[in-house]
There are 2 protein chains.
Amino acid sequence: MNRIFQSEQEAAAVLRDAGLKATPQRLAILRALSGDVTHPTAQELYERLATHFPALSVATVYNTLAALTRVERCRPLDLGGPARFDPNVAPHDHAVCERCGEIRDVKAAETRPKPRALTGFSVRRVEHIYRGLCAKCAGT
Amino acid sequence: MNRIFQSEQEAAAVLRDAGLKATPQRLAILRALSGDVTHPTAQELYERLATHFPALSVATVYNTLAALTRVERCRPLDLGGPARFDPNVAPHDHAVCERCGEIRDVKAAETRPKPRALTGFSVRRVEHIYRGLCAKCAGT
DNA sequence: TTATCAATTGATAATGAATCTAAATTACGA
DNA sequence: TCGTAATTTAGATTCATTATCAATTGATAA
């Protein structure tokens, strides 16, 4: 489970431990992303932060997300459309609603197929995407 | 298994049966894509065809691929980067080489987790992506 | 055949995501 | 406090994709 960084100190430590300078923009981005369950896009994060951080640039958001990814503090999701970012780096899967676009975390299925040898291909990680309708959109 | 359309007649029939006009550009695109195992991008298909079809426009390639997708004759793959198109619409998965980018079809794993009910989410289809290294890149 | 007409095409413009650039700023160890 | 490499920023740039719309064409009916 990923948690929100309560204090700047805590967030700053995370960045420094990863060998990244703890700039105010990075702190803001890290704190905004961590604990966010909605899998925001870079643009969404930017808009959310720009209000309280007028000088922030989109480029910085992209840069920071790339840095955080390198450092295993988040993970990009390619589900079609702009990349989304998941602060939960523990292995898990995703359910995507085909109507409203909601992306929900799914516990890694126990039935998760063993990364079998695919005749020559050495599997590093398996990714599962469940596509369908969320409760709301299924209208249950 | 997907096969190559030997004759234009055959390809034309496929299009008409799907309620699509059998234009020369569509025939060319359908025939180029069918039986292609490389999961080409729209751009790649365009370049391949443009040689023998100078008047072809990229827009037409995109339009046709969208039409073929609607009609279940191919399937777009979002794996990061430009969309790729798979003429194999039978359920199967993909192995993506993280070094060279090769995308290989993988028989739908028998171990494929049952689209379980995800507390409210109704799963329509499950997608698996195996990321790792292909035989060549693993340097075996 | 030929006429008709909606579907389709193609050139280009427009949009959107993401990266690059280069100059100005800044975090942080010495 | 300083020096320096890392970082930020605005804007330009690239690349993928969609939109626009006049001109063309496939399919059908006459």
Side-chain angles (χ1 to χ4, degrees), chain A residues 8-9 11-30 32 39-71 73-85 101, chain B residues 8-9 11-30 32 39-71 73-85 101:
Chain A
E8 294 232 333
Q9 287 69 25
V14 166
L15 290 173
R16 287 205 207 84
D17 289 357
L20 296 170
K21 284 189 182 176
T23 68
Q25 319 40 359
R26 280 177 177 170
L27 290 171
I29 293 166
L30 176 56
H39 311 86
T41 64
Q43 193 62 40
E44 282 166 0
L45 279 172
Y46 169 70
E47 277 154 20
R48 210 175 301 166
L49 291 169
T51 325
H52 295 290
F53 212 134
L56 186 65
S57 138
V58 242
T60 299
V61 178
Y62 278 102
N63 286 338
T64 298
L65 288 170
L68 291 175
T69 300
R70 252 179 271 120
V71 153
R73 275 289 163 181
C74 72
R75 154 188 175 196
L77 301 179
D78 293 312
L79 302 169
R84 303 190 154 272
F85 293 86
Chain B
E8 293 230 334
Q9 287 69 25
V14 166
L15 291 174
R16 287 203 209 86
D17 288 358
L20 295 170
K21 284 190 181 174
T23 69
Q25 7 323 48
R26 280 177 176 170
L27 289 171
I29 294 166
L30 176 55
H39 310 86
T41 64
Q43 192 62 40
E44 282 166 0
L45 278 172
Y46 168 70
E47 277 155 19
R48 208 176 301 165
L49 292 169
T51 324
H52 295 290
F53 212 133
L56 186 66
S57 138
V58 240
T60 299
V61 178
Y62 277 102
N63 285 338
T64 298
L65 288 171
L68 290 175
T69 301
R70 252 178 271 119
V71 154
R73 275 291 162 179
C74 71
R75 156 188 172 193
L77 301 178
D78 293 311
L79 302 168
R84 302 190 154 272
F85 293 86

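Order of the sequence lines sets the chain letters (A, B, ...), proteins ahead of strands, with each chain counted from 1. Computed from a predicted structure; not experimentally measured.
- With sequence neighbours excluded, the residues satisfying side chain to side chain donor-acceptor pair (under 3.5 Å) with B/Q43 are B/E47.
- Legend: residues meeting side-chain contact (heavy atoms from CB on, under 4.5 Å) with A/T23, ordered by chain and number and at least two apart, are A/K21, A/Q25, A/R26.
- In terms of the salt bridge (charged side-chain N to carboxylate O under 4.0 Å, His left out) criterion, residue partners of B/R48 (sequence neighbours excluded) are, by chain and number, B/D36.
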Inset, instruction - If a protein heavy atom is under 4.0 Å from the base, mark B; if only from the sugar-phosphate, S; if neither, -; do that for nucleotides 5-22 of chain C going 5' to 3'. - result: -BBSSBB-----SBBB--
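- Atom CZ of residue A/R73 and atom CG of residue A/D17 lie 8.0 Å apart, to the nearest 0.5 angstrom.
- Remark: A/P82 pairs with A/T41 by the side-chain contact (heavy atoms from CB on, under 4.5 Å) rule, at least two apart or across chains.
- If you take CD of A/Q9 and P of C/dA27, they are 15 Å apart, rounded to a whole angstrom.
- A/R84 is linked by a salt bridge (charged side-chain N to carboxylate O under 4.0 Å, His left out) to A/E44, counting only residues two or more places apart in sequence or in another chain.
- Taking CG of B/L20 as the start and CZ of B/R70 as the end, the distance is 7.5 Å to the nearest 0.5 Å.
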Could you tabulate the donor-acceptor pairs under 3.5 Å formed by side-chain atoms of residues 55-62 of chain A, not counting sequence neighbours?
from: A/S57; atom 1: OG; to: A/A59; atom 2: N; distance (Å): 3.1

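- Put simply, CG on A/L27 is 11 Å from C1' on C/dA27, counting in whole angstrom units.
- In this structure, the CD atom of A/E8 is 14 Å from the C1' atom of C/dA27, given to the nearest Å.
- Rounded to 10°, the helix from C/dT1-D/dA30 to C/dA30-D/dT1 has 30° between the axis fitted to its first five pairs and the one fitted to its last five.
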